[in-house]
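Working notes, structure below.
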Amino acid sequence: MIAAMMLPSSLPLVRLYREASARQPRARAAMAAFLGGYALVWSAFGVQAFLFDTAVHHTVDRWPWLHDHSWIIASGTLALAGAFQFSSLKDACLRSCRHPGAYLMSHYRRGVGGGLRLGLGHGLFCLGCCWALMLVMFAAGVASLVWMGALTALMVYEKTGRSGRRAVPVAGVALFALAVLAAAVPGTLTGG
């Protein structure tokens with residue numbers, strides 16, 4: 001899920017790095033290290049999100065009141081994602097993702113170690129601007145391809161679209177509206 005959602009918006013820097021590193025010794029190894037840096041960041045987040053989701057399900061199963069009011073979790077997750085859309089951290093991370101050429105020019109180093117550091121660093125920026133949107137999948141249902149596709153399209157547009165900057169607050173307001181809907185009509189998002 002994470003790779004499917006994050007990879008499309010990371011392709012501009014992947015292409016630039018491929019071009020920049022093509023003439024260095026061990027170019028393939030450097031590219032593999034660069035991609036491995038991204039994968040390491042995304043995998044670490046995925047494991048953390050999975051463990052947190054498991055803990056939430058365990059808590060819901062053990063606490064009857066929360067089980068009867070589980071809509072609070074979906075609504076809270078959506079509200080958190082909506083609020084994050086207006087944060088300075090989201091904006092700072094998006095700046096690095098929107099300008100991959102500038103990021104590459106200031107952080108590029110030759111070699112496998114340089115590729116790994118670049119992948120880790122930019123992977124953290126990508127995660128920094130998208131983590132809350134990825135959590136929406138836990139509110140909507142992690143197996144929902146429609147939600148995954150919609151959130152991926154939003155992430156790509158925020159990072160690469162001509163009006164991506166304007167889409168961020170619009171998405172925030174929409175997420176707040178969905179949080180209210182999830183609270184008012186439980187099960188609306190998941191069909192449950």
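- For the atom pair CE (Met134) and CE (Met148), the distance works out to 11.5 Å, reported to the nearest 0.5 Å.
- No path of Ile, Leu, Val, Met, Phe, Trp and Tyr side chains, each step under 4.5 Å between heavy atoms, connects Leu127 with Tyr157, placing them in separate hydrophobic clusters.
- For an aromatic pair to be called close, the ring centres must be under 6.0 Å apart, and Phe125 with Tyr103 satisfies this.
- Here the closest non-hydrogen pair linking Pro8 and Val156 is CB-CG2, 3.6 Å.
- Only one option out of Leu118, Val112, Leu116 pairs with Phe34 in a side chain to side chain contact (heavy atoms under 4.5 Å, CB included); it is Leu118.
- Cys129 has its side chain out of reach of Met155: every pair of non-hydrogen atoms, C-beta onward, lies at least 4.5 Å apart.
- To the nearest 0.5 Å, the span separating CD on Gln24 from CE on Met31 amounts to 10.5 Å.
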(Q) For Trp42 and Ser10: C-alpha separation, side-chain torsions, deciding distance, then whether side-chain contact (heavy atoms from CB on, under 4.5 Å) applies. (A) CA-CA 12 Å; Trp42 298 343; Ser10 301; 3.5 Å; yes
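- Enclosure of atom CZ in Phe86 by more than 12 non-hydrogen atoms of other residues, nucleotides or ligands within 6.0 angstrom is indicated.
- Relative ring orientation between Trp71 and His69 is described as perpendicular, the plane-to-plane angle rising above 60° on a 0-90° scale split at 30° and 60°.
- The structure places CG of Asp53 at 3.5 Å from NE2 of His57, a figure rounded to the nearest 0.5 Å.
- For the atom pair CG of Leu120 and CZ of Arg117, the computed distance is 9.5 Å after rounding to the nearest 0.5 Å.
- The side-chain hydrogen bond (donor to acceptor under 3.5 Å, both in side chains) analysis of residues 121-137, with sequence neighbours excluded, yields the pairs Tyr38-His122.
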Q.
Walk me through whether Tyr108 and Leu16 qualify under side-chain contact (heavy atoms from CB on, under 4.5 Å).
A. CA-CA 11 Å; Tyr108 179 80; Leu16 287 173; over 6 Å; no
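- In terms of heavy atoms, Tyr17 sits closest to Ala30 at OH-CB, 3.4 Å.
- Val56 and Met137 sit in two unconnected hydrophobic clusters of ILVMFWY residues. Membership requires side-chain heavy atoms under 4.5 Å apart, directly or through other members.
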Q) side-chain contact (heavy atoms from CB on, under 4.5 Å) between Leu175 and Leu133: does it pass, once the steps are laid out? A) CA-CA 9 Å; Leu175 288 163; Leu133 290 174; 3.8 Å; yes
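- A donor-acceptor contact shorter than 3.5 Å is absent between the side chain of Gln85 and the backbone of Pro169.
- The side-chain heavy atoms of Phe45 and Val41, taken from C-beta on, include no pair separated by under 4.5 Å.
- Residues Leu94 and Leu89 are members of separate hydrophobic clusters, defined by side-chain heavy-atom contacts under 4.5 angstrom among Ile, Leu, Val, Met, Phe, Trp and Tyr.
- Remark: the backbone N or O of Glu158 is paired with a side-chain donor or acceptor of Arg98 at under 3.5 angstrom.
- Proximity of Lys159 to Cys130: side-chain heavy atoms (C-beta onward) are separated by under 4.5 Å at one or more points.
- Closest of all the heavy-atom pairs between Arg110 and Pro25 is NH2-CD, 2.9 Å.
- Taking every heavy atom of both residues into account, Thr77 and Leu135 meet most closely at CG2-O, 3.4 Å.
- Looking at every heavy atom in both residues, Ala183 comes nearest to Ser75 through CB-OG, 3.6 Å.
- A single hydrophobic cluster is not seen to contain both Leu78 and Val60; linkage of ILVMFWY side chains at heavy-atom distances under 4.5 Å, directly or through other members, places them apart.
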Q | Derivation of the side-chain contact (heavy atoms from CB on, under 4.5 Å) call for Leu66 and Ile73 | A | CA-CA 9 Å; Leu66 190 55; Ile73 296 166; 4.3 Å; yes
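- Under the 4.5 Å side-chain heavy-atom criterion for grouping Ile, Leu, Val, Met, Phe, Trp and Tyr, Val136 is connected to Leu181 within one hydrophobic cluster.
- When all heavy atoms are compared, the tightest approach of Ser21 to Ala27 is O-CB, 3.3 Å.
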